[in-house]
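Quick note on labels: first sequence line is chain A, next is B, and so on, each numbered from 1.
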Amino acid sequence: MAGKTIKLWLNHQQHELLERAVADGAAPSLEALVKRAIAESQPLPAGQPEVK
Amino acid sequence: MSERQPVFEWIMQPGTGKALELRKGQILRIEQVLGAQCVDFNCFNLHDYKEFMHCGRTRTVHGFNPSKGTFLWSAPPRERAMMYIAEDTYGRNDVLFPRCSAYLYESAYGYHTHTNCHDIQSEAQREYGLTPDDVHDSFNMFMCTEVTLEGSATITRQQSRKGDHIDLIALMDVLAVPNVCGADVMRTSNFGLKPIRLQIFEATDEEMAAVPATPTLRSQRTPKDFVNSQIKATRELVADESYVPQFANTPLPETPLEIELDAEETARFEALARRSIYGDDDDSALRDIVFSWWENRYLSSASGAPRISTAE
C-alpha cells in the first residue's frame, strides 16, 4: 500500500487540546502526536459496530 | 461534636410532602415506617431556587441508581454537589423516571383527581413561594427500575422494609422536599401508600470528614458570572432588540494540519478508519482516531464527569 497525505482540519479548541498533549511530552510535535495516535490505537474487534 | 443531634422530626402521611430547610452540615434521614414506599424528592439551593438538583447530571456521574457514596448534583452551569448520600440501607433508587402526574392518572386510569407526585411536590413547595412549574425532575428514592436490553425502562415491585433509610448530608444550605409517592395503583410502592419518617440531624465531624472532596472549577458558574442574571418575571417571551450574541470561543474556523503517512502508517490508518461512518472522508476518520486516542489516554472518567471517589 502506498503512503498518503491527509489534511487534518482542526478548530482552535481541538488544536489546544492536542497542543497540551505535546506540551505534556506525549510527542515532539502535533504531526508526531497524530502518528502516535495511529500507532497506538487498536482496530475494532471483528463484528463490533463501528459506532461503538 | 461526636454524637448526632436530632433537631427535627416529622411523619409524612400518604398524599403529602414536606419542604424542609437544611443548613450545610445537617443530615436529612428519610425512613420507611412500614416499608415498600417510594419517595419522590426535589432539592433547591435555599438562597437561589434557580439552582436545583439535576437528575440528568446526577445520572451521568453516578448511573441510574445513585446510592450510598454518591452526590446529588445541581444543573448546569452550576454543577455543584448539593447533597451527599451518606447512608442507604435499601440501595435502590431511580433517576430515570419522571414524577407521576395528574395527566398520567387521567389518561391511563380515568381519574378526575388522584394523588400524584407532581401535584404533591408542587403543594409542598408552595410553602416557599414556588409554582407548579418549578417542580424539577424527581430523584425517586426506594424505587426499583430496570432497563431492558431493548432500551425501555420499567418499574418493578420493591422490598424495602420498616427502618430502611437514606441519609442525605447537605453540602450547601438547601430546601429539601420529599413527598410520599402518590402511586397506589402501580407496583412502584407495591400497590399501597404508607407514611415516611423524616428526621434532621446535625452531622458529626466524622460524618462531614467522610464526604469525598469534589472539584471546584471555573466552569461552575453562578449568577455573578451570567451575562443575564435577572430572573424573568413575565410569562411572555419577547426578543431583546439590544441582544448581541456572545457565544464562547466563536467563531470556530478550522486550519489544516498536513500529515504525511508512509505505507505502513497508511495501512494502519486504513485498518482504524471507521469507513461505515466516514466513508472516504480521511479527515474525519483521522480526527476520530486522534481524539479517541486522547480520550483513552487522558480522560479520567466516563462522560467527562469529574472522578468521584465513592465511600465504601
Side-chain angles (χ1 to χ4, degrees), chain A, chain B residues 77 147 149-151 217-219 245-306:
Chain A
M1 181 177 283
K4 67 158 75 172
T5 299
I6 300 175
K7 267 189 187 173
L8 179 63
W9 290 83
L10 300 171
N11 68 37
H12 61 89
Q13 298 181 134
Q14 294 168 322
H15 213 269
E16 180 197 323
L17 198 66
L18 300 185
E19 286 284 11
R20 226 189 292 151
V22 170
D24 193 43
S29 67
L30 277 180
E31 292 81 354
L33 188 83
V34 171
K35 291 188 174 211
R36 178 174 175 181
I38 293 172
E40 293 184 356
S41 297
Q42 297 300 317
L44 286 176
Q48 182 169 320
E50 291 196 328
V51 293
K52 291 264 184 180
Chain B
V147 178
L149 288 175
E150 294 73 34
L217 304 172
R218 273 186 314 180
S219 57
Q246 297 181 38
F247 297 109
N249 280 3
T250 56
L252 288 156
E254 295 175 332
T255 54
L257 182 67
E258 286 209 349
I259 307 295
E260 287 184 27
L261 303 179
D262 62 23
E264 189 181 335
E265 290 166 337
T266 299
R268 188 156 182 83
F269 166 74
E270 290 300 337
L272 296 167
R274 293 169 189 246
R275 295 299 185 192
S276 68
I277 301 172
Y278 301 116
D280 59 2
D281 180 355
D282 284 350
D283 167 38
S284 295
L286 182 54
R287 199 162 37 247
D288 185 315
I289 293 166
V290 172
F291 284 98
S292 297
W293 173 86
W294 188 95
E295 282 184 341
N296 286 332
R297 183 175 171 81
Y298 292 103
L299 203 59
S300 59
S301 63
S303 305

*Please state whether the side chain, the backbone, both or neither of Ala273(B) comes within less than 4.5 Å of a heavy atom of chain A.*
backbone

*Glu264(B), part contacting chain A, at a heavy-atom distance under 4.5 Å*: neither

*asked:* Within the 3.5 Å criterion, strictly below it, is a donor on Glu260(B) or Thr5(A) matched to an acceptor on the partner's side chain?
replied: no

*Kindly compute the distance separating CD (Glu265(B)) from NZ (Lys35(A)), expressed to the nearest 0.5 Å.*
3.5 Å

*Identify the two heavy atoms, one from Glu50(A) and one from Arg274(B), that lie closest to each other, and give their separation to 0.1 Å.*
O-NH1, 2.5 Å

*asked:* Minimum heavy-atom separation for Pro43(A) and Ala271(B), please, with both atom names.
replied: CB-O, 4.1 Å

Under 4.5 Å between any side-chain heavy atoms of [X] and [Y], yes or no?
X         : Y         : answer
Asn11(A)  : Glu254(B) : yes
Arg297(B) : Arg36(A)  : yes
Ile6(A)   : Thr266(B) : no
Lys7(A)   : Asp283(B) : no
Tyr298(B) : Leu17(A)  : no

What residue in [options] has the most heavy-atom pairs under 4.5 Å with chain A?
options                                    : answer
Ser292(B), Ala267(B), Pro253(B)            : Pro253(B)
Ser276(B), Ala263(B), Pro256(B), Ala285(B) : Pro256(B)
Trp294(B), Phe269(B), Trp293(B)            : Trp293(B)

*Proximal component of Leu44(A), with respect to chain B [non-hydrogen, under 4.5 Å]*: side chain

*Name the region of Ala21(A), side chain, backbone, both or neither, that has any atom closer than 4.5 Å to a heavy atom of chain B.*
both

*Does the pair Leu10(A) and Phe291(B) meet the rule for a side-chain contact (heavy atoms from CB on, under 4.5 Å), with working shown?*
CA-CA 11 Å; Leu10(A) 300 171; Phe291(B) 284 98; 3.9 Å; yes

*In sequence, state the C-alpha distance, the side-chain angles, and the governing distance for Gln14(A) and Arg287(B), and then conclude on side-chain contact (heavy atoms from CB on, under 4.5 Å).*
CA-CA 9 Å; Gln14(A) 294 168 322; Arg287(B) 199 162 37 247; 3.6 Å; yes

_Backbone of Ile38(A) reached by a side-chain donor or acceptor of Arg268(B) within 3.5 Å_ = yes

_Exam field: side chain His12(A) to backbone Asn249(B), donor-acceptor pair closer than 3.5 Å_ = yes

_Choice from Leu8(A), Leu33(A), Asp24(A), Val51(A) maximising heavy atom contacts with chain B below 4.5 Å_ = Leu8(A)

*Count the heavy atoms belonging to other residues, nucleotides or ligands that lie under 6.0 Å from CD of Gln48(A), then report whether that count exceeds 12.*
yes

*Could you check Ile289(B), Leu261(B), Val290(B) and say which one makes a side chain to side chain contact (heavy atoms under 4.5 Å, CB included) with Val34(A)?*
Val290(B)

*Asp282(B) with Lys4(A): basic N within carboxylate O range, under 4.0 Å*: yes

